[in-house]
Student: 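Shown below is the structure under consideration.
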Amino acid sequence: MTLTQHSQKPCQDDLQNFGDKPEQVRDTDHYQQEYVEDFTDRWDRLIDWKARSEAEGDFYIRILREHGARSVLDVATGTGFHSVSLLKEGFDVISADGSPNMLARAFQNARDHGQLLRTAQADWRFLNRDIHGEFDAVICLGNSFTHLFREHDRRKALAEYYAVLKHNGILILDHRNYDRLLDQGVAIRSGKGNVYCGKDVNVSPEHVDEGLARLQYSFSDGSTYHLNMFPLRQSYVNRLMTEVGFQKITSFGDYLPGHQDPDFYVHVAEKE
Ligand code: SAM
């Protein structure tokens, strides 16, 4: 397993670069440029760890324990919220992400919480190149899977998650309710919901079509950032997971079974 310990933040250009036509940026690799250091620094104000952990309760811990999971690969570590929560609960966690900025922040956050993160920089499309070993569970949370723009990339990433799972392992993957966004468009004013809980940030959709959801994140200090994401319809994600080989998929809306119009969907996909 390739593990990197991050004690210092990497230097990187601090401006997001979407060029002259931001709505034409529909590129899976672009996430690397979107999580610039300044945005990474503000990410925790966006998600607000305390409010998020109140919103989630023990939902993920319960699911992992119900499936007998001990080892967890967090493939979208971000600033470390779930990795740190799971470490505190005694799970054996490896924390991966494609963004060195995010991993550096996560490592620091974990240290502030008295935890040592075992990190690995890895892109989902080539996960098995950098992560060796098998896990009881893979988690891909916080609306991360939406960064993949090509269907081929989504299939490849899911297949890579499938491959690192043990027999009877589970993948837990969430995404924003894009059906609502696609059907109602930018008329939806707030995109925060129960994952992005921070009070000093406003999240609003700037552009939505079947191939792009561009969201704006405005912070109270006047700074503004954007993420360009692929709007995943719920039924499409279910179908892809099945086609890649997951045998059973249970979907939740805002952490409840059968919720019809939630802010976020969570899918638990089983490898039997
Ligand atoms: N899970 C965290 C949370 O809930 O706060 C972070 C969510 S953030 C929206 C998405 C994360 O996915 C970022 O840290 C980004 O670097 C990572 N990411 C996006 N595309 C990726 C890819 N192709 N391979 C690996 N990581 C990727």
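For ligands, and for the atoms within them, numbers begin at 1 and follow the listed sequence.
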Student: As an exercise, identify every atom of ligand 1 less than 4.0 angstrom from a heavy atom of Ala76.
Tutor: 1 (N), 2 (C), 6 (C), 12 (O)

Student: Check whether Ser95 reaches the backbone of Ser83 with its side chain - one donor and one acceptor, N or O, closer than 3.5 Å.
Tutor: no

Student: Are any of the heavy atoms in Lys156 under 4.0 Å away from ligand 1?
Tutor: no

Student: In Å and rounded to the nearest 0.5 Å, what is the CG to CG distance from Asp74 to Asp97?
Tutor: 8.0 Å

Student: Looking only at N/O atoms, are Thr77 and ligand 1 under 3.5 Å apart anywhere?
Tutor: no

Student: Tell me if the aromatic rings of Tyr225 and Tyr217 count as close, with their centers under 6.0 Å from one another.
Tutor: no

Student: Nearest heavy atom to atom 12 (O) of ligand 1: which of Phe145, Trp124, Tyr35 does it belong to?
Tutor: Trp124

Student: May I ask you to identify, for Arg105, whether its side chain, its backbone, both or neither come under 4.0 Å of ligand 1 on a heavy-atom basis?
Tutor: neither

Student: When you compare the side chains of Tyr60 and Arg65, does any donor N or O come within less than 3.5 Å of an acceptor on the partner?
Tutor: no

Student: What I want to know is whether Asn143 and ligand 1 share at least one N or O pair that is separated by under 3.5 angstrom.
Tutor: no

Student: Can you list the atoms of ligand 1 that are under 4.0 Å from a heavy atom of Gly142?
Tutor: 4 (O), 7 (C), 9 (C)

Student: Would you please classify the geometry between the His175 ring and the Tyr265 ring as parallel, tilted or perpendicular, with 30° and 60° separating the classes?
Tutor: tilted

Student: Would Phe81 count as a contact of ligand 1 if the rule is a heavy atom under 4.0 Å away?
Tutor: no

Student: Is a donor from one side chain sitting under 3.5 angstrom from an acceptor on the other, for Ser144 and Tyr31?
Tutor: no

Student: Closer than 4.0 Å to some heavy atom of Arg52 - which atoms of ligand 1 meet that?
Tutor: 3 (C), 4 (O), 5 (O)

Student: Hey, which atoms in ligand 1 end up nearer than 4.0 Å to a heavy atom of Met102?
Tutor: 14 (O)

Student: Pull out every atom of ligand 1 sitting under 4.0 Å from any heavy atom of Ser99, numbered as shown with elements.
Tutor: 16 (O)

Student: Identify, by atom number and element, the atoms of ligand 1 in contact range of His147, meaning under 4.0 Å from any of its heavy atoms.
Tutor: 10 (C), 19 (C), 20 (N)

Student: Which bit of Leu141 gets closer than 4.0 Å to ligand 1, counting heavy atoms only: side chain, backbone, both or neither?
Tutor: backbone

Student: side-chain contact (heavy atoms from CB on, under 4.5 Å), that's the test. Do Phe149 and Leu212 meet it? Break it down for me.
Tutor: CA-CA 8 Å; Phe149 272 91; Leu212 176 73; 3.9 Å; yes

Student: Does the gap between the ring centers of Phe230 and Tyr178 come in under 6.0 Å?
Tutor: no

Student: Can you check whether Trp49 and His113 have ring centres sitting under 6.0 Å from each other?
Tutor: yes

Student: Using a 3.5 Å cut-off on N or O atoms only, is Asp123 in polar contact with ligand 1?
Tutor: yes

Student: Hey, is Ala122 one of the residues with a heavy atom under 4.0 angstrom from ligand 1?
Tutor: yes

Student: Between the side chains of Glu206 and His226, does any donor sit under 3.5 Å from an acceptor?
Tutor: yes

Student: For Gly98, counting its heavy atoms only, list the atoms of ligand 1 lying under 4.0 Å from any of them.
Tutor: 25 (C), 26 (N)

